[in-house]
Amino acid sequence: MKNFKKEKTLIIIKPDGIQRSLIGEIIKRYERSGLKLIALKMLVPDKNLTQKHYLIDPQWKQKTGQNTINAYRSHNETPPFSDPTKMGNFILDKLVKYFTCSPVIVMAWQGMHAVEIVRKITGGTEPKSSDMGTIRGDFTIDSYAIADTDKRAVRNLVHASGSPEEAEAEIKLWFKPSEILNYRLLNEEILYDVNLDGILE
Ligand code: CMP
């Protein structure tokens, strides 16, 4: 069985998260889950890094384009493109402008089911329909329709890896091995230990 307890994921606080002074609020939500922060840096990404990040998954344009088209149709709206790859190209172009306009914060987090837990805390991609209680549901108001009409990326505060495999590739892209820290967090005793002995004196 895979070692879920050491699963890693990548989170990026996007330019709107920085510009809206939500850095602390966003990190707090991941931190209090019990996951462990193992790498963090602030930088202004360039076009090349942004494109590499989103194109790690060779199917990204197709999948993101199709998801967007489906979201439009589920609201009885007409997408700007009916071809998923064209839709994906349009989105990637806007993402480059978005990612290169301000610093971002990139982090790697580790722990039990890190990818799924972080996706749950983050909420669905389109803020209009992200659940309340999630970062995107609580702090953003954007939609695909308005973003696409305004020809810009959806401002949804954070990026979170979609799968453990994607996380591994994304972490490799953003961090050198020496920037990822191995350390023990005292919280891990209560989160992972099988025998809760040694607590009572
Ligand atoms: P993220 O989770 O980083 O994955 C892809 C990003 O593309 C997404 O968050 C949004 O910021 C952006 N995005 C997705 N769909 C659209 C769309 N239809 N229009 C504009 N931006 C989009």
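If you're wondering where the values come from, they're calculated on a predicted model, not measured in any experiment. Numbering of ligands and ligand atoms starts at 1, following listing order.
Taking the ring centre of Y192 as origin, the terminal cationic atom of K6 falls outside the region bounded by 6.0 Å and 45° from the ring axis. For K94 and F90, the positive end sits near the middle of the six-membered ring, less than 6.0 Å away and at most 45° from its axis.
The side chain to side chain donor-acceptor pair (under 3.5 Å) test with S161 is passed by exactly one of E166, E170, K8: E170.
Residue N156 approaches ligand 1 through these ligand atoms, each under 4.0 Å from one of its heavy atoms: 8 (C), 9 (O), 10 (C), 11 (O). Taking every non-hydrogen atom of T68 and a distance limit under 4.0 Å, the qualifying atoms of ligand 1 come out as 15 (N), 18 (N). Here is the list of ligand 1 atoms found below 4.0 Å of a heavy atom in R136: 2 (O). Ligand-side atoms of ligand 1 in range of R152: 20 (C), range being under 4.0 angstrom from any heavy atom. Residue-ligand proximity, L95 to ligand 1, at heavy-atom distances under 4.0 Å covers atoms 6 (C), 7 (O), 11 (O), 12 (C). Counting atoms of ligand 1 from 1 in the listed order, those under 4.0 Å from a heavy atom of T125 are 8 (C), 9 (O). Close contacts of ligand 1 with D148, meaning ligand atoms under 4.0 Å from a residue heavy atom, involve 17 (C), 18 (N), 19 (N), 20 (C). Close approach to A153 involves these atoms of ligand 1, each under 4.0 Å from a residue heavy atom: 20 (C), 21 (N).
The shortest separation from a heavy atom of K14 to ligand 1 is under 4.0 Å, placing the residue in contact.
Shown here is L196, whose CG atom has more than 12 heavy atoms of other residues, nucleotides or ligands within 6.0 Å. Counting non-hydrogen atoms of neighbouring residues, nucleotides and ligands closer than 6.0 angstrom, the CD atom of Q62 exceeds 12 such neighbours. Other residues, nucleotides and ligands place no more than 12 heavy atoms under 6.0 Å from the NZ atom of K97.
When only non-hydrogen protein atoms are considered, atom 21 (N) of ligand 1 lies nearest to V154 N, 2.9 Å. Among all non-hydrogen protein atoms, the one lying nearest atom 15 (N) of ligand 1 is Y144 CE2, 3.3 Å. Closest to atom 4 (O) of ligand 1 among all protein heavy atoms lies Y54 CE2, 3.7 Å.
The closest side-chain heavy-atom distance from K61 to L92 is below 4.5 Å. Within the 4.5 Å cutoff, the side chain of T125 has heavy atoms near those of the N156 side chain.
With a 4.0 Å cut-off on non-hydrogen atoms, I91 touches ligand 1 through its side chain and not its backbone.
Salt bridge present: K28 and E25 bring a charged side-chain N and a carboxylate O closer than 4.0 Å.
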